[in-house]
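Letters go in sequence order (proteins before strands), and every chain restarts at 1. Given the structure is predicted, the values throughout are model-derived calculations rather than measurements.
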Amino acid sequence: MIDQDLAARKQFFSEHLLNWYRTYKRDLPWRRNKDAYRIWVSEVMLQQTRVDTVIPYWHRFLEKFPTVQALAEAPEEEVLKLWEGLGYYSRARNLQAAVQEVHERYGGTVPDNKEDISSLKGVGPYTAGAVLSIAYNKPEPAVDGNVMRVLSRYFCIEDDIAKPATRPKMEKLAQELIPDGAAGDFNQGLMELGALVCTPRSPQCLTCPVMAHCAARLNGKEAELPVKTKAKPPRPEQRLVALIEGQGEHAGKLLIRQRPQEGLLARMWELPHVLMPAAAPAASGRKAASAKAAAMVAPDAAAAGEHREWLRNALAEAEHIHVLPNEWYMNTDHVFSHIHWKLDVYRCKLDAALDNGVALPELLPYHYRWLAADELHQYAFPNVFIRIMDTYFK
DNA sequence: AAGGCGGGGCC
DNA sequence: GGCCCAGCCTT
């Protein structure tokens, strides 16, 4: 394509996308004003998370922490609790740390320049560009997955968008397209088009404001673009969960623990569980009754016996929690991007004959506590454990 | 460059 | 029930 055609194609895109956005944009709560803090919170929540999921979280979060100062001074457990179920919990911890820095170093005003805002925890190229353009109308690109998909189609770019090296190229292009004085609306329009029209599968080209000059469409390649290598499948982990039921003064309660400070689901609460080493092929465990019904099939007797023994030994050795596992209760799955937990849950009692104290020293990796049904709201749990405990408490 | 880090929606 | 959606961090 000669330069003049490319320039015209860019000009057409910028103009028509901006007009389309201003006519059809959704009425989202964080679009009601230009408060940089409110927009920042929305952008962090929207990382890897859909708009419909984010809206109720955003309302609860802003109601509880309406200002930079309120979030800066909040206890971390409260922040984590309001993030419960959204996933990627480091986003919440990074956001609070960053807001504390804004409170202390910038007097509560979110920085309006690339260098300062990019130095904040959890603020990468996308979030920096989004806040600068949407809140301050600065001509900075905000390239997320939607934008890469839209640009790769409209300009028929065949670079693999899963490769980090593709990003700078897309950012340069996105910046060149920003119309004078309209960075915020244009950047939001790019993402809005990706979310509503130029969707990952079955793009709605006939309603697209820039279809007339879309290179992928003109070449019949809108379904093949963007090029994106697939992620590796998550590695499976068989885990055994102890549903430890209190007795005596703890009757009706379950034993829960808080995860370590760092790593997966850091500082979240959960039911105690242990990793079961990959079973030998001979004792693989579960009746292969039609794969479809596998959702709730008990392990066979031999596998359940191995499970109970492993659960008892592992909890005793690693945690000094001595349990007597009883009957299998349920199974469920929890899939992360990189791990696939297959959980078998066993009802357990503490072994009265052995050390069954649960006021354990801080030296242990986990911190244990008894939980009553009406105390569930006080702790932040990953959804998978909420499901199990809801089932148990009815 | 590659891997760690959650959870939900669509077909 | 298997497919997809992905920014920022650390290593």
Regarding the side chain of A:Lys232, the nearest nucleotide among B:dA1, B:dG3, C:dC8 is B:dG3
Classify A:Val123 by what it touches in the nucleic acid, base, sugar-phosphate, or nothing, heavy-atom distance under 4.0 Å. sugar-phosphate
A:Met45 CE to C:dC8 P, in whole Å, measures 16 Å
I want to confirm an ordering. Mapping A:Glu84 and A:Pro164 to their closest nucleotides on DNA chain B, which one lands closer to the 5' end? A:Pro164
Any donor-acceptor pair under 3.5 Å joining the side chain of A:Gln48 to the base of B:dG6? no
Would you say B:dG6 has OP1 or OP2 under 4.0 Å from some side-chain N or O of A:His334? no
I want to verify a distance call: between B:dA1, C:dG7, C:dA6, whose nearest atom is closest to the A:Asp144 side chain? C:dG7
Nearest-nucleotide pick for A:Pro125, side chain only, options being C:dC8, B:dG9, C:dC5: C:dC8
Pick base, sugar-phosphate or nothing for A:Ile339, based on heavy-atom distances below 4.0 Å to the nucleic acid. nothing
Atom CG of A:Leu95 and atom C1' of C:dG7 are separated, to the nearest Å, by 14 Å
Under 4.0 Å between a side-chain N/O of A:His338 and OP1 or OP2 of B:dG4, yes or no? no
C:dC5 OP1/OP2 closer than 4.0 Å to side-chain N/O of A:Lys228: yes
Using a cut-off of 4.0 Å on non-hydrogen atoms, how would the nucleic acid contact of A:Asp52 be classed: base, sugar-phosphate, or nothing? nothing
Ranking B:dG6, B:dG4, C:dC5 by distance to the side chain of A:Arg149, first place goes to C:dC5
Name the nucleic acid region contacted by A:Thr127, choosing base, sugar-phosphate or nothing; use a 4.0 angstrom heavy-atom cut-off, strictly under. sugar-phosphate
Is the distance from OP1 or OP2 of B:dG8 to the nearest side-chain N or O of A:Asn383 less than 4.0 Å? yes
Contact class for A:Tyr126 vs. all strands (heavy atom < 4.0 Å): base, sugar-phosphate, or nothing? sugar-phosphate
Is there a donor and acceptor pair, one atom on the side chain of A:Ser337 and one on the base of B:dG6, closer than 3.5 Å? yes
